[in-house]
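For reference, positions follow the sequence shown, starting with 1. All values below were derived from every heavy atom in this structure, side-chain atoms included, with hydrogens, water molecules and symmetry-related copies excluded. Only a predicted model underlies this, so the values are computations on that prediction, with no experimental measurement involved.
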Amino acid sequence: HQNLPLSFARYDKNNQVQHLLATKRMAFIASKNENHCLSIKTNASEAHIISSIVYEAWQLYKINDKTFIPEQTLGVIVPYRNQIAMIRKELNKFEIDELLHITIDTVERFQGSERDIIIYGFTVNRSYQLDFLTNNTFTENNRLVDKKLNVVLTRAKEQTILVGNPQILSHNSLFKSLINYLQSKQSYFD
């Protein structure tokens, strides 16, 4: 299943987001640091990127005559409720009813759910926020396991798109390894 080509035969080859969604099962998109953010629990750059990905995914479904069912097709996971509100605000700008019904929630509330496409926004603006993101990490069989990241990576049936600040995330060895892996697979985008 994971090795089969994605089912988006038609897409705008000049649209970087559509190209990514049509060709990559997993990708990391770099966001900017938000020094001027209203709260450390929001990241406007990530909210904009995530809402753009959601919109382009919706477009791909339409272009390829696939049914977009908000409750099944796409889900967004973020660590903070404030970021959920910011992403909803960005999605409202598109004025597309289907996009208003996609699930945007925290990792804890997404357990047990799955979608074709999962977008995860790390939402970190400061290095100390990594402690919150990784507060459920342990070692098992000499391997580092991050339960929250595991939930994120196992909710997608087709694709996982990660959005975050690579400079901050690289302070954590597990996130750094994940970013490096995606870079090696040409699945890292600035």
For this session: Inspect the contact between Glu46 and Lys32 and indicate whether a charged nitrogen and a carboxylate oxygen are less than 4.0 angstrom apart.
Result: no
For this session: Indicate, with yes or no, if Tyr55 and Ile84 share a hydrophobic cluster defined by side-chain heavy-atom contacts under 4.5 Å among Ile, Leu, Val, Met, Phe, Trp and Tyr.
Result: yes
For this session: Determine yes or no for a side-chain-to-main-chain donor-acceptor pair under 3.5 angstrom, with Gln129 supplying the side chain and Asn125 the backbone.
Result: yes
Exercise. With no hydrogens and no angle check, do the side chains of Glu56 and Tyr61 hold a donor and an acceptor under 3.5 Å apart?
Worked result: no
For this session: May I have the step-by-step check of salt bridge (Lys or Arg N to Asp or Glu O under 4.0 Å) for Glu108 and Lys148, ending in yes or no?
Result: CA-CA 8 Å; Glu108 293 79 11; Lys148 288 182 182 180; 3.6 Å; yes
Exercise. Within 45° of the axis and under 6.0 Å from the centre of the six-membered ring of Tyr11, does NZ or CZ of Lys13 qualify?
Worked result: yes
Seminar exercise, completed: Between Ile29 and the options Asp190, Ile53, Leu162, the side chain to side chain contact (heavy atoms under 4.5 Å, CB included) test singles out Ile53
Exercise. Same hydrophobic cluster for Ile118 and Ile161, using side-chain heavy-atom links shorter than 4.5 Å among ILVMFWY?
Worked result: no
For this session: Consider only side-chain heavy atoms of I, L, V, M, F, W and Y, link residues closer than 4.5 Å, and tell whether Ile96 and Val54 are in one cluster.
Result: yes
Exercise. Val76 versus Thr103: any side-chain heavy-atom pair under 4.5 Å?
Worked result: no
For this session: Check the pair Phe110 / Ile104 against side-chain contact (heavy atoms from CB on, under 4.5 Å), numbers first and verdict last.
Result: CA-CA 9 Å; Phe110 233 97; Ile104 306 172; over 6 Å; no
For this session: Using a 4.5 Å cut-off on heavy atoms from C-beta on, say whether the side chain of Asn43 contacts that of Val124.
Result: no
Exercise. Are any side-chain N or O atoms of Asn82 and backbone N or O atoms of Ser39, one a donor and one an acceptor, separated by less than 3.5 Å?
Worked result: no
Exercise. Are Ile102 and Met86 grouped together when hydrophobic residues (ILVMFWY) are joined by side-chain heavy atoms under 4.5 angstrom apart?
Worked result: no
Exercise. Side chains of Phe28 and Leu178: does their closest heavy-atom pair fall under 4.5 Å?
Worked result: no
Problem set entry | side-chain contact (heavy atoms from CB on, under 4.5 Å) assessment of Ile40 paired with Tyr80 | CA-CA 10 Å; Ile40 63 161; Tyr80 305 111; 5.6 Å; no
For this session: Say whether, by atom type as modelled, one donor and one acceptor occur between the side chain of Lys24 and the main chain of Gln186 under 3.5 angstrom.
Result: yes
Exercise. With side chains defined as the heavy atoms from C-beta onward, is the minimum distance between Leu153 and Leu149 less than 4.5 Å?
Worked result: yes
Exercise. Do you know the tightest heavy-atom contact between Leu74 and Ala57?
Worked result: CD1-CB, 3.6 Å
Exercise. Any donor and acceptor pair, going by atom type alone, linking the side chain of Ser177 with main-chain N or O of Phe175 inside 3.5 Å?
Worked result: no
Exercise. Do Asn64 side-chain atoms and Leu60 backbone N/O form a donor-acceptor pair below 3.5 Å?
Worked result: yes
Seminar exercise, completed: Smallest heavy-atom separation, Ile63 atom then Gln18 atom, equals CD1-OE1, 3.8 Å
For this session: Say whether Arg115 and Thr73, considering side chains only, have a donor N or O and an acceptor N or O under 3.5 Å apart.
Result: no
Problem set entry | Criterion side-chain contact (heavy atoms from CB on, under 4.5 Å) on Tyr120 and Val78, from CA distance to verdict | CA-CA 6 Å; Tyr120 179 60; Val78 293; 5.6 Å; no
For this session: Working to the nearest 0.5 Å, report the span between OG1 of Thr67 and CD of Glu98.
Result: 9.5 Å
Exercise. Transitively linked via ILVMFWY side-chain contacts under 4.5 Å: Ile168 with Tyr181?
Worked result: yes
For this session: Could you go through the side-chain contact (heavy atoms from CB on, under 4.5 Å) check for Asp65 and Arg10 one step at a time?
Result: CA-CA 10 Å; Asp65 299 320; Arg10 295 188 302 269; 3.0 Å; yes
Seminar exercise, completed: Heavy atoms of Leu182 and Ala27 approach each other most closely as CD1-C, 4.1 Å
Exercise. Looking at side-chain heavy atoms only, is the closest gap between Gln83 and Lys41 below 4.5 Å?
Worked result: no
Problem set entry | 4.5 Å side-chain heavy-atom contact, Val17 and Phe189 | no
Exercise. Taking the side chain as C-beta and beyond, is there a heavy-atom pair between Phe122 and Asn165 under 4.5 Å?
Worked result: no
Seminar exercise, completed: Rounded to the nearest 0.5 Å, the CD1 atom of Ile87 sits from the CD1 atom of Ile50 at a distance of 4.0 Å
Exercise. Which heavy atom in Phe8 sits nearest to a heavy atom in Gln159, and how many Å separate them?
Worked result: CE1-OE1, 3.8 Å
For this session: Could you check if a side-chain atom of Gln183 sits within less than 4.5 angstrom of a side-chain atom of Ile179, using non-hydrogen atoms only?
Result: yes
Exercise. If you look at every heavy atom in Pro166 and Ser31, which pair is closest and at what distance?
Worked result: CD-O, 4.1 Å
For this session: Look up atom CG in Leu130 and atom CZ in Arg126, then write down how far apart they are to the nearest 0.5 Å.
Result: 12.5 Å
Problem set entry | Asp105: which of Arg81, Arg155, Arg88 passes salt bridge (Lys or Arg N to Asp or Glu O under 4.0 Å) | Arg81
Problem set entry | Spatial distance of atom CD (Gln59) from atom CZ (Phe94) [nearest 0.5 Å] | 9.0 Å
Exercise. Out of curiosity, Thr106 OG1 to Ile77 CD1, how far, rounded to the nearest 0.5 Å?
Worked result: 8.5 Å
Problem set entry | Pair Lys66, Ser7: side-chain N/O donor-acceptor within cut-off below 3.5 Å | yes
Exercise. At their closest point, which heavy atom of Leu174 faces which heavy atom of Asn172, and how far apart are they?
Worked result: N-OD1, 2.9 Å
Problem set entry | N-O pairing of Lys147 and Glu140 below 4.0 Å | no
For this session: May I ask you to check whether over 12 heavy atoms, not counting those of Lys62, lie within 6.0 Å of atom NZ?
Result: yes
Exercise. With no hydrogens and no angle check, is any side-chain donor or acceptor of Ser170 less than 3.5 Å from a backbone partner on Gln167?
Worked result: no
Problem set entry | Donor-acceptor contact below 3.5 Å, side chain Arg25 vs main chain Glu158 | yes
